[in-house]
Amino acid sequence: MTGLAGAQTPEADIFLVSLSQSGGKLSVSAARNLTNRVGYDNQPHWSTDGNTLFFTSTREDAQADIYRMNPATGEATRVTLTSPESEYSATPMPRRNAISVIRVERDSAQRLWSVPLDGSASTVILERIKPVGYHTWANDTLLALFVLGSPNTLQLASTTTGKGDTITTSIGRSLHTTRDGQVSFVHKVSAEEWWLT
């Protein structure tokens, strides 16, 4: 949902479901709405220990901020409050007590920021790469980025050098890191043909 700076965000809720597999088929059951309220709640991401859920939420003040929730209790607390800037796509940073977020800055630039969970000051992770729409950490210093443009690009960026290399173009919004450190993404080969790569 990054890229909606200034636009009205749609209604959305986050659900927690149970997954089971039997005979090669995946089943979903016990769906529970975690954010059952008027407003935008989206882009959930689990903490590394699996006990906390980070997500983007737009409340009465129309400010998109990051919240964290304990799914067992349903209690949600605000992590960021950076009006008039907004944050999206909270992702735990490897080996740090921090999350990385896409911040829509005052000038509408969309850059990747680090938000320490101890309340200390946020810092820009990649100074020159923008507009970033989505991201995933491949390891401690390497990220895969969805960079908005015509066409959108998949870039592999280093926090050590601050630079990104374009890997491919025409990608979708879904970026994930697999358990073995590989990056998966949607490659839009054509309007009719999309591949999970």
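- With sequence neighbours left out, the salt bridge (Lys or Arg N to Asp or Glu O under 4.0 Å) criterion links D140 to R95.
- Other cluster members for V38: none, since no ILVMFWY side-chain heavy atom sits under 4.5 Å from it.
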Distance-only donor-acceptor pairs under 3.5 Å for side chains of residues 70-82, two or more places apart:
residue, atom, partner, partner atom, Å
N70, OD1, A72, N, 2.9
T73, OG1, N70, O, 3.4
T73, OG1, E75, N, 3.2
R78, NE, D65, OD2, 3.3
R78, NE, Y67, OH, 3.4
R78, NE, T80, O, 3.3
R78, NH2, D61, OD2, 3.2
R78, NH2, D65, OD2, 2.9
T80, OG1, D65, OD1, 3.1
T80, OG1, I66, N, 2.9
T80, OG1, E87, OE1, 2.9
T82, OG1, E85, O, 3.1
T82, OG1, E87, OE1, 3.1
T82, OG1, E87, OE2, 2.5

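- Under the 4.5 Å side-chain criterion, counting only non-hydrogen atoms from C-beta, L16 is not in contact with L53.
- Here the side chains of P84 and R106 are in contact, with some heavy-atom distance below 4.5 Å.
- Summarising the geometry of A30 relative to S18, their closest heavy-atom pair is CB-OG, 4.0 Å, with the distance given to 0.1 Å.
- To the nearest 0.5 Å, atoms OG1 (T56) and OH (Y40) are separated by 6.0 Å.
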Please table the atom pairs, donor to acceptor, closer than 3.5 Å between any side-chain atom in residues 156-164 and protein atoms at least two apart or in another chain.
residue, atom, partner, partner atom, Å
S158, OG, T160, N, 3.1
S158, OG, T161, N, 3.2
T159, OG1, T141, O, 3.3
T161, OG1, K163, N, 3.2

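- By the 4.5 Å heavy-atom criterion applied to side chains, I167 and Q155 are not counted as neighbours.
- Every pair passing salt bridge (Lys or Arg N to Asp or Glu O under 4.0 Å) that includes a residue from residues 114-127 is listed here, sequence neighbours excluded: R111-E127.
- Q110 has its side chain within reach of L148: a pair of non-hydrogen atoms, C-beta onward, lies under 4.5 Å apart.
- Contact of the S100 side chain with the S114 side chain is not registered, since no non-hydrogen atoms from C-beta on lie closer than 4.5 Å.
- The side-chain hydrogen bond (donor to acceptor under 3.5 Å, both in side chains) search around S47 returns D49, not counting sequence neighbours.
- Between V101 and A90, the shortest heavy-atom contact is CG1-CA, 4.0 Å.
- Residue pairs satisfying the side chain to side chain donor-acceptor pair (under 3.5 Å) criterion with at least one member in residues 188-197, sequence neighbours excluded, are listed as follows: E193-W195.
- Remark: N97 pairs with no residue by the side-chain hydrogen bond (donor to acceptor under 3.5 Å, both in side chains) rule, at least two apart or across chains.
- Residues V124 and V115 share a hydrophobic cluster, clusters being chains of Ile/Leu/Val/Met/Phe/Trp/Tyr side chains in contact below 4.5 Å.
- Considering CZ of F15 and CG of L34, their distance stands at 8.5 Å, rounded to 0.5 Å.
- Note: H135 and W137 have perpendicular aromatic rings, judged against thresholds of 30 and 60 degrees for the angle between ring planes.
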(Q) Could you go through T177 and T136, starting from their C-alpha distance and side-chain angles, then the distance that decides it, and tell me whether this counts as side chain to side chain donor-acceptor pair (under 3.5 Å)? (A) CA-CA 6 Å; T177 303; T136 188; 2.6 Å; yes
**Q.** Trace of the side chain to side chain contact (heavy atoms under 4.5 Å, CB included) decision for M93 with I125
**A.** CA-CA 11 Å; M93 295 178 67; I125 296 172; 4.0 Å; yes
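- For the pair T153/T168, no side-chain contact is recorded, criterion being any heavy-atom separation below 4.5 Å from C-beta on.
- Applying the ring-ring contact (aromatic ring centres under 6.0 Å, His included) rule to pairs touching residues 140-179 yields Y134-F146, sequence neighbours excluded.
- Considering all non-hydrogen atoms of both residues, Y88 and A64 come closest at OH-CB, 3.6 Å.
- Shown here for A144 and L154, the closest heavy-atom pair between the two residues is CB-CD1, 4.0 Å.
- Between the side chain of N152 and the backbone N or O of G149 there is at least one donor-acceptor pair closer than 3.5 Å.
- Taken together through direct or relayed side-chain contacts under 4.5 Å among Ile, Leu, Val, Met, Phe, Trp and Tyr, M69 and F54 form parts of separate hydrophobic clusters.
- By the rule that hydrophobic residues join a cluster once side-chain heavy atoms approach within less than 4.5 Å of another member, I102 and I129 end up as members of one cluster.
- Remark: R37 pairs with D41, S57 by the side-chain hydrogen bond (donor to acceptor under 3.5 Å, both in side chains) rule, at least two apart or across chains.
- Of all heavy-atom pairs between P151 and S170, the closest is CB-OG, 3.8 Å.
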**Q.** side chain to side chain contact (heavy atoms under 4.5 Å, CB included) evaluation trace for F55 with R68
**A.** CA-CA 6 Å; F55 62 99; R68 67 174 136 198; over 6 Å; no
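- Remark: the backbone N or O of S89 is paired with a side-chain donor or acceptor of Q43 at under 3.5 angstrom.
- Hydrophobic cluster membership of V28, counting Ile, Leu, Val, Met, Phe, Trp and Tyr whose side-chain heavy atoms lie under 4.5 Å apart directly or via other members: V17, L19, L26.
- Within a 6.0 Å radius of CD in E60, no more than 12 heavy atoms belonging to other residues, nucleotides or ligands are found.
- Side chains of T35 and D13: a donor-acceptor N/O pair is present below 3.5 angstrom, by distance only.
- For R179, the side-chain hydrogen bond (donor to acceptor under 3.5 Å, both in side chains) test picks out no residue, with sequence neighbours left out.
- Here the OG1-CG distance, from T166 to L145, works out to 10.0 Å after rounding to the nearest 0.5 Å.
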